[in-house]
There are 2 protein chains.
Amino acid sequence: MTSDETRLNPRKAPRQGRSRATCAAILEAAARILETEGGHGLTTNHVAALAGVSVGSLYQYFPGKQAILAELIRRMRQEMLADFEQAALEARGRDLAFAIDALTAASLRHHLRRPALAQALEREEPELQLDDEIHALKARMRELIIDVLRDRNVAEPERTGMDVMALARGMSEAAIQAGQRDFDDLQRRLGRAIRGYLGLAVPSLVGEPRQEG
Amino acid sequence: MTSDETRLNPRKAPRQGRSRATCAAILEAAARILETEGGHGLTTNHVAALAGVSVGSLYQYFPGKQAILAELIRRMRQEMLADFEQAALEARGRDLAFAIDALTAASLRHHLRRPALAQALEREEPELQLDDEIHALKARMRELIIDVLRDRNVAEPERTGMDVMALARGMSEAAIQAGQRDFDDLQRRLGRAIRGYLGLAVPSLVGEPRQEG
DNA sequence: TAGAAACGCGAGCAATTGTTCGCATTATTG
DNA sequence: CAATAATGCGAACAATTGCTCGCGTTTCTA
């Protein structure tokens, strides 16, 4: 049987400048297709055509379209993890509220860079048999969040971290899908949701009922 | 050009009992494939084979696989809306906390019935050019939530409703993906998140910091 | 500068998937 | 029980997509 390695990893590394450009063009074309047509438009011929290279060249570096997708996801996850590590670092020694702001800012920067691409990759991710490396990246991300919470005395950091990540992701996706792009507004709402979940004080959205039925 | 109607609607309605059974078998087979293999396994031949009918029969009732998917989504949304309408009805005259419980319970019942199917359909939905009917179902659902909030004096019910739906969806999806199936536990967590977002009192998860680094 | 290695090409074959059509079978109708 | 309509069938054709391979070109290397 063919292992994940064989199916999902680049076939060979480009050694010269032009081949690096070819690889880059292929990945960029795949990204653009995901943005504009979704996963169904992602065919090897289509990618190659949009990249301005031949299919032959494509197959020289990627064993198939899954490998292209895997590479895009890998990079996305790497970038995301780096952003979060940076945020966690900035928040060292600061309180929970500060850490939440730093992390939500990192998350939003990530989602707002190429909104449609981020959405598409997250949608395709579960369809893929995940690479060990991608698994590891996601695990480190989770650990990072959990540590931030644990260091600040949050109860049940594992489950809390999972819930907080999940609700933030849900809100970000929906907002971006709806075309919202106002960073500060989004961050306020994410912050409210997370603080609220944790039981921190949050200004109420509920007014006094005027009258009853 | 072929309209959405042509592409997404059933081709003709079954009139006899056996053809109704055929249609049902096709839809059920498609559902099972989505559950076990995801959207990529959903091919017309595959569906027909698993349903125990011939492709010819399949095409007699559905113009293509998109139509099958659209029908599954339509039914899912109809069911969901019905559940929510029922919950909103039960909550008539009751306070916000009660309404939240009723609605989250409805949502969870929906997600827990066939977890993998619900996930798969929600993932496939955005790839499809949505039917007007499906759009309408989603709009009614949104209106229902907004009305529940507005009736209880929640500020900015449109945006609040959107955020609350989004965070609940994010949490449900993640939890179910992680294999969690404990209804009461999930409802508690969803309730906490929603109440917290709204600024209602929620027990804190944050302990007093013991000491500083 | 010659030989080797890396790279790029795209026609074309292989494999998969989508769809139709004529005919057999079963139900309905009058 | 005809006549007619509804249903079911699946081989076969069409379209799409995946992928290879031989050959020409560019870059590197010694």
Side-chain angles (χ1 to χ4, degrees), chain A residues 1-2 6-30 33-34 36-71 124 127-129, chain B residues 1-3 6-30 33-34 36-72 124 127-129:
Chain A
M1 112 183 190
T2 349
T6 309
R7 284 203 320 274
L8 297 181
N9 281 355
R11 194 169 258 176
K12 75 178 178 190
R15 304 194 175 278
Q16 303 177 357
R18 57 180 173 153
S19 53
R20 264 188 296 276
T22 298
C23 275
I26 289 167
L27 289 169
E28 177 55 28
I33 289 171
L34 285 174
T36 57
E37 307 175 41
H40 292 311
L42 198 78
T43 72
T44 49
N45 290 296
H46 193 174
V47 169
L50 186 60
V53 306
S54 81
V55 267
S57 299
L58 186 154
Y59 278 97
Q60 207 149 46
Y61 303 103
F62 301 96
K65 68 171 182 177
Q66 298 199 338
I68 300 174
L69 205 46
E71 181 64 23
E124 296 300 322
E127 302 261 7
L128 216 61
Q129 247 53 3
Chain B
M1 118 183 187
T2 349
S3 72
T6 309
R7 283 202 321 273
L8 297 181
N9 282 351
R11 196 169 253 175
K12 75 178 179 191
R15 304 193 175 279
Q16 302 177 0
R18 57 182 172 149
S19 54
R20 263 187 297 274
T22 297
C23 276
I26 289 168
L27 290 169
E28 178 55 27
I33 289 170
L34 285 174
T36 57
E37 307 176 40
H40 292 310
L42 199 78
T43 71
T44 48
N45 289 292
H46 193 173
V47 169
L50 187 60
V53 306
S54 81
V55 267
S57 298
L58 186 154
Y59 276 96
Q60 206 146 47
Y61 302 104
F62 301 96
K65 69 171 182 177
Q66 298 198 340
I68 299 175
L69 205 47
E71 182 64 22
L72 284 176
E124 296 300 322
E127 303 260 7
L128 215 60
Q129 247 52 4

>> Within the structure provided, determine whether B/Val47 and B/Lys65 are in side-chain contact (heavy-atom separation under 4.5 Å).
In response: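 Not touching, per the 4.5 Å side-chain cut-off.
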>> Counting C-beta onward and ignoring hydrogens, is there a side-chain heavy-atom pair between A/Ile68 and A/Leu42 closer than 4.5 Å?
In response: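 They are not in side-chain contact.
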>> Strictly under 4.0 angstrom, non-hydrogen atoms only: write out the protein contact profile of nucleotides 8-19 of chain D, one letter per nucleotide from the 5' end, B, S or -.
In response: BBBB-----SBB
> Can you list the residues that meet the side-chain hydrogen bond (donor to acceptor under 3.5 Å, both in side chains) rule with A/Arg18, with sequence neighbours excluded?
Replying inline: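 A/Arg18: side-chain hydrogen bond (donor to acceptor under 3.5 Å, both in side chains) contacts with A/Gln16.
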> Can you check whether B/Thr22's main-chain N or O pairs, donor with acceptor, with B/Ser19's side chain at less than 3.5 Å?
Replying inline: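 Not at all, since once roles are kept as given, no pair shorter than 3.5 Å links the two residues.
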> For the residue pair B/Phe62 and B/Cys23, what are the closest heavy atoms and their distance?
Replying inline: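 Nearest pair, atom of B/Phe62 first, then B/Cys23: CE1-SG, 4.4 Å.
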Give the rounded distance in Å between these two atoms: [atom1] of [X] and [atom2] of [N].
{"X": "B/Arg15", "N": "D/dT4", "atom1": "CZ", "atom2": "C1'", "value": "14 Å"}
{"X": "B/Gln16", "N": "D/dT4", "atom1": "CD", "atom2": "C1'", "value": "12 Å"}
{"X": "A/Gln66", "N": "C/dT16", "atom1": "CD", "atom2": "P", "value": "14 Å"}

